[in-house]
Amino acid sequence: MAAAFLSELNPKLEEIADVKTAVSEAVINAVIHGYGMEEWDGPTQARRKSAWIHMESGLSDNVFEVSIEDKGCGIPDIKTAMQPLYTSRPELERSGMGFSFMEEFMDEVKVESTFGEGTMVQMKKKIGIVEQMEEE
Amino acid sequence: MAAAFLSELNPKLEEIADVKTAVSEAVINAVIHGYGMEEWDGPTQARRKSAWIHMESGLSDNVFEVSIEDKGCGIPDIKTAMQPLYTSRPELERSGMGFSFMEEFMDEVKVESTFGEGTMVQMKKKIGIVEQMEEE
Amino acid sequence: MKACKKNGQYLMIQMPEEIDHHQTVQIRQAADESILEDEVRDVIFDFGQTRMMDSSGIEIIMGRYRMISAFGGQVYIMNADTRIKKILFSAGIQKIAEFIN
Amino acid sequence: MKACKKNGQYLMIQMPEEIDHHQTVQIRQAADESILEDEVRDVIFDFGQTRMMDSSGIEIIMGRYRMISAFGGQVYIMNADTRIKKILFSAGIQKIAEFIN
Ligand SMILES: Nc1ncnc2c1ncn2[C@@H]1O[C@H](COP(=O)(O)OP(=O)(O)O)[C@@H](O)[C@H]1O
Ligand SMILES: Nc1ncnc2c1ncn2[C@@H]1O[C@H](COP(=O)(O)OP(=O)(O)O)[C@@H](O)[C@H]1O
């Protein structure tokens, strides 16, 4: 989805990969941590549970914005959660680098979460800055 | 995003590719037809315009659902638009197969659109049906 | 582009694992340059690595066909798996391209 | 799995173009089977085709390292481009894996 927007702006290939990586981290976090889907034992249980992710992404003024929202378990302590290498699920082979990668690849990352209610990650990145400056 | 959900259900690889294809068609339609971004001449113009896509996807009762919504130009005649090979943009090398692929790969496709206001595509697909039957 | 190899009059295009609009924009640019500058006659699309494809995969084949068929060129499709073949057939690509193996 | 090749004691894992959680689930399964059943000692990850990677790429390397280092095995990383190298370094992978070329 992100790539669809960005490719129209002739961004650097790196920028597309950056955005894809950051979005991928946030979405998989919603699925694995928010809804704990790694534990759903396949279709049988999926029949009894449900999980929704809300994603909004857009472009204005050369800034690509995306927000990823889940109605999962929420994060009790955002500051701890965002520390590099921190993971609440080491048993799942999680690296704890998800938030670090989002911050590394995007210009801005904001996390809002209410424990027991859900999480929203909002990210921004300027795209195609080089061309912009050349044109001015 | 779709793949993140689906991979937790041990679906057939085909099912993931089906969903990815259908979502890819709907998103690129929003970008190209809805917002006409193929004509935005890069970052300069992007600074003056904006484009937003709203995507919601979820899983309940083994059914994967996704909706893709834009606030772009809308479709004047949905019936014509959904015909195989119909495209309003042959000059862009569009195949006119977007809606056909969505219908081929998903179990259900619903399109709502108001000319001048935007378009919403809703799609559903049952996932992992084989396992579900075996388990019963 | 790394994905294009020229062998005499052939242009061989290695298609990516996932073919969507974004990928085809790049392939198209590189392919068209090659077709025009090097006067390539035939184009071979190698789908050996491809697992997912949307309709932009159809577009890129049809577009190249239009460019080269006027000069007697031919489009070939190689190594497409069952799934990709099904997609290509559902769009009628067999009418304009020859499937090899 | 097609992406794994065994050469003597080495397991060579061909990483995909885009590495995300979904892709690594599959690679992990195949790799672990191979490591356990065939008593592979060293693992080589070939990133030659990889253009995009999220943190699941880190996880799969660290996990395999944990499995094989106990038995004296070593993890190697091959053909990573500048971008992928930067990502791997930012997670400290150079401390547990050797970069070849
Ligand atoms: N959407 C979410 N819902 C609930 N918890 C989350 C969510 N996203 C992240 N977390 C928490 O933050 C921690 C750190 O996340 P991250 O840096 O991505 O590392 P990892 O995913 O590898 O654990 C997770 O282990 C989890 O406890
Ligand atoms: N989100 C959208 N907003 C406006 N028009 C659309 C949208 N999606 C599809 N259309 C219209 O429907 C037509 C058919 O779409 P499709 O079957 O996907 O073929 P193609 O994208 O190759 O033109 C498009 O050419 C366009 O006119």
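Proteins get letters first, then strands, A, B, ... in listed order; numbering begins at 1 in each.
With hydrogens and angles disregarded, no donor-acceptor distance shorter than 3.5 Å links the side chain of B/E14 to the backbone of C/R83.
Annotation for C/E39: atom CD does not count as buried by contact number, only 12 or fewer foreign heavy atoms lying within 6.0 Å.
Taking every heavy atom of both residues into account, B/F101 and C/D54 meet most closely at CE2-C, 3.9 Å. For the residue pair B/A17 and C/R51, the shortest heavy atom distance occurs at CB-O, 3.9 Å.
At a 4.5 Å heavy-atom cutoff, C/I19 makes no contact with chain B through either its backbone or its side chain. Looking at B/I16, there are no atoms closer than 4.5 Å to chain C (heavy atoms on both sides), in backbone or side chain. Of the two parts of C/S90, the backbone and the side chain both hold a non-hydrogen atom closer than 4.5 Å to a non-hydrogen atom of chain B.
Residue B/R94 holds its CZ atom at 10.5 Å from CE of C/M62, rounded to the nearest 0.5 Å. Going from atom CG of C/D20 over to atom NZ of B/K20 covers 9.0 Å, rounded to the nearest 0.5 Å.
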Practice prompt. For the pair C/H21 and B/I32, evaluate side chain to side chain contact (heavy atoms under 4.5 Å, CB included) and give the outcome as yes or no after the intermediate values.
Written response: CA-CA 10 Å; C/H21 176 77; B/I32 289 189; 3.4 Å; yes
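With sequence neighbours excluded, the residues satisfying side-chain contact (heavy atoms from CB on, under 4.5 Å) with B/T119 are B/D70, B/I75, B/V111, B/S113, B/V121.
Of the listed residues C/R28, C/M52, C/R66, the one with more heavy-atom pairs under 4.5 angstrom with chain B than any other is C/M52.
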